[in-house]
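Worksheet for the structure shown next.
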Protein chains: 2
Amino acid sequence: MSRQIRIKDIAAKAGVSTGTVDRVLHERGNVSPKAKVKVLKVMEELGYERNIIASTLAYNRVFRIAALLPGFHTDPYWEQPFSGMERALKTVRHYGISLEPHFFELFDPRSFLQTVGQVLENPPDAILFAPVFLKESRTLLEACRENGIHNVMINTYVDNPDSLCYIGQDSYQSGFLAGRLLHFGLNEGETAMLLNLEVGSHNAQHLIDKERGFRDYFGQFPGQHIEIVKRDFEDFDDRQKLTSLLDDLFARHPRLNGIFFTNSRAYKAVECLPAGIVQKIKIVGFDLIEQNIRHLRKNNIDFLINQNPVHQGYMGIINLVNHLVFKKNVEKLQYLPLDIVVNENVDYYLKRQEEFEIVL
Amino acid sequence: MSRQIRIKDIAAKAGVSTGTVDRVLHERGNVSPKAKVKVLKVMEELGYERNIIASTLAYNRVFRIAALLPGFHTDPYWEQPFSGMERALKTVRHYGISLEPHFFELFDPRSFLQTVGQVLENPPDAILFAPVFLKESRTLLEACRENGIHNVMINTYVDNPDSLCYIGQDSYQSGFLAGRLLHFGLNEGETAMLLNLEVGSHNAQHLIDKERGFRDYFGQFPGQHIEIVKRDFEDFDDRQKLTSLLDDLFARHPRLNGIFFTNSRAYKAVECLPAGIVQKIKIVGFDLIEQNIRHLRKNNIDFLINQNPVHQGYMGIINLVNHLVFKKNVEKLQYLPLDIVVNENVDYYLKRQEEFEIVL
DNA sequence: AACCCTTCTGTGTGCGGGCACGGTAATTGT
DNA sequence: ACAATTACCGTGCCCGCACACAGAAGGGTT
């Protein structure tokens, strides 16, 4: 490992100039077959690797990445992927990466399209976005294809062969995992519940997947008698109604001893339960948002499954850089770890979200 | 965000040459107070940030990092930090980092000292090591101080003001966490056991800390009746003896329903237990080594706590680079996350260990 | 042979910053 | 007052690579 091989070295050894080496390296053409094979052979022999530092310096160009995701005001969740992007940006800024964030309304497809229009007025080199609206996202993907804009999707999976990659969670698996966690705390004959506190949960694909995973988990133990019940509830912001729902549930299912909340709203229900019950029953929810963490610390919530939203944004940027700058191959489908978070390790994860800047 | 400020820009605005700016930037002296304040003011105004790409290119130097850790043949565990280092190296090689690994015998302090001698023959810029022998490590640390060699410690904590940082796990907290996990699966009146399968466990600080954490966890619930028992056992490689130990334990403690193994040897005991019992009782162990994972997949082990050894090596290198190259401040004490690993999320963590290369 | 294309190749400049060298201005000593 | 020293400053080259441009080599036409 004495020294890095330079373009100059292989030029000398191949008996050509650096210009020629450069041409074969970048496949610019205009090089005789004879010279080409010579250069390639020497490169192989010496094990040449491009010096990325010198390369980026000489390129002297900036890659513009546009981010397209829901604004924070409707749902604080989206702050997390965005903060991951910002953090990633910090670490790769020197490579000539710039990030232009655009926000749309979480529940308004028209606003999405409008924002897409804005972005396309001055087309970036790449787009990183959350395809929350299927149809409208296809429009965007089509536009990307036409204009040769690289793109990466996070959070919601949409099948698209041209995209560089998708980064997100595996909903089925997270439901399965939730099953395991509840099961660990339940005894024979008890009841486990799956509770969707969501509007229109019946056609939200990720909720369907979670339920399937959850049921499949318990399906592994046909000999055991743990009853699974499920309930959808839309009025989760009405405290009274939520309270009476819960009363009703416990009346109906006297041996109910575990609840799986399929989204980040576990805290809402917990706040409607009397302390005695909350401490006794097992509760599994999603996402390290502040309200959930508060209840995790009080042992009102037992487990939170962390889908690493910060990491999603971070890896979105990193993957683009790996492709654009480092010309590496990236995996098309990237599921992030499902971290199991309890009172005793939550601080590590919170800290990691804050710091994270691995390098550069 | 139009453009990065260059040294040239601030030179122009301050009415001096780039050489002068360079001098104040590197505090080389030989610059008049007047010029200095002017330059500093302009730098402040324009928010200058060194272009690390151009800088490393111009520096054209290599930082030599020596790694010093136990060989793999006595304990495969040590392969993991090392592989993390190699991975980190890949991502920072372009910054002129070279890594020189040295291995010593896990149980032989003399071999440690001998290796230290080798390393010091041609002193590197920095040393990354696991201080498994306290006294001998102090010798090394002293040598580092004298020769101005930066150093980072991983895995075992040794207090030393001159070291750049320590990266490792928090043993107390991991015991505490194990308590929580077992508790979740235990019922009133049952027994939880802490089992040290180790030679000389009574004076291994990390085991003491783990026990303290474990007991402190259950100490939080004085009203509950969960009995905690502890046992040390050194003959863990003798299958017969281990089997009869376990028989004895279950005979003594008929309501024993959970075991916490304080190191990576949970699999050894699991293999001595009859299937009926193994599936019933709750088991928590440490480390994602192959044998443990096999039992995790068969549901013989319920939880493995991952202390992120790969990450330890990785972050060791990264922290050195952050200091040497990027001149960032690094935190002196870095505890890595304690990941809770179950059958349902183990693959994510295994995959992360393999890939990991966050960027570059 | 003179000319023009086309294909190919070498040289030179610049990216931003580190650093050495030589030069100018200011200061000290005699 | 003048030389000798010191304090300060600007210029230019280099790091390894990307890319433009000029020019050479070869082939074909008149």
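Throughout, protein chains are lettered first and strands after them, A, B, ... in sequence-line order, and every chain is numbered starting at 1.
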Of B:G19 and B:A54, the one whose closest DNA chain D nucleotide lies more 5': B:G19

Quick one: on DNA chain D, does A:N51 or B:G29 contact a more 5' nucleotide (nearest heavy atom)? B:G29

In whole angstroms, how far is the [atom2] atom of [N] from the [atom1] atom of [X]?
X     : N      : atom1 : atom2 : value
B:I53 : D:dG16 : CD1   : P     : 15 Å
B:R28 : C:dA20 : CZ    : P     : 7 Å
B:H26 : C:dG16 : NE2   : C1'   : 12 Å
A:N60 : C:dG14 : CG    : P     : 13 Å
B:I10 : C:dG18 : CD1   : P     : 11 Å
A:N30 : D:dA22 : CG    : P     : 16 Å
A:E27 : D:dA18 : CD    : P     : 13 Å
A:L57 : D:dC17 : CG    : P     : 12 Å

Please check if atom CD in A:E146 has more than 12 non-hydrogen atoms from other residues, nucleotides or ligands closer than 6.0 Å. yes

Does any N or O donor sit under 3.5 Å from an N or O acceptor when you compare the side chain of B:R23 with the base of C:dG18? no

Is there a donor and acceptor pair closer than 3.5 Å between the side chain of B:R61 and the base of C:dG18? no

Report yes if some heavy atom in the side chain of [X] is under 4.5 Å from a heavy atom in the side chain of [Y]; otherwise report no.
X      : Y      : result
A:Y335 : A:Y157 : no
B:R61  : B:T56  : no
B:V310 : B:R352 : no

Within the pair [X] and [N], is there a side-chain N or O less than 4.0 Å away from OP1 or OP2?
X     : N      : answer
A:Y48 : D:dG16 : no
A:S17 : C:dG10 : yes
A:S32 : C:dT9  : yes
B:R50 : C:dG16 : no
B:S55 : C:dG18 : yes
A:T20 : C:dG10 : yes

Side chain of [X] - closest among [options]:
X     : options               : answer
B:Y59 : C:dG18, D:dC9, C:dC8  : C:dG18
B:V31 : C:dG18, D:dC9, D:dG10 : D:dC9
B:A58 : C:dC8, D:dG16, D:dC15 : D:dC15

Mind checking if [X] touches a base, just sugar-phosphate, or nothing, with heavy atoms under 4.0 Å?
X     : result
B:I7  : sugar-phosphate
A:D22 : base
B:T56 : nothing

Quick one: do B:R145 and B:E142 make a salt bridge, cutoff under 4.0 Å? yes

In terms of side-chain heavy atoms, does A:Y348 have a donor or acceptor partner in B:N308 at a distance below 3.5 Å? no

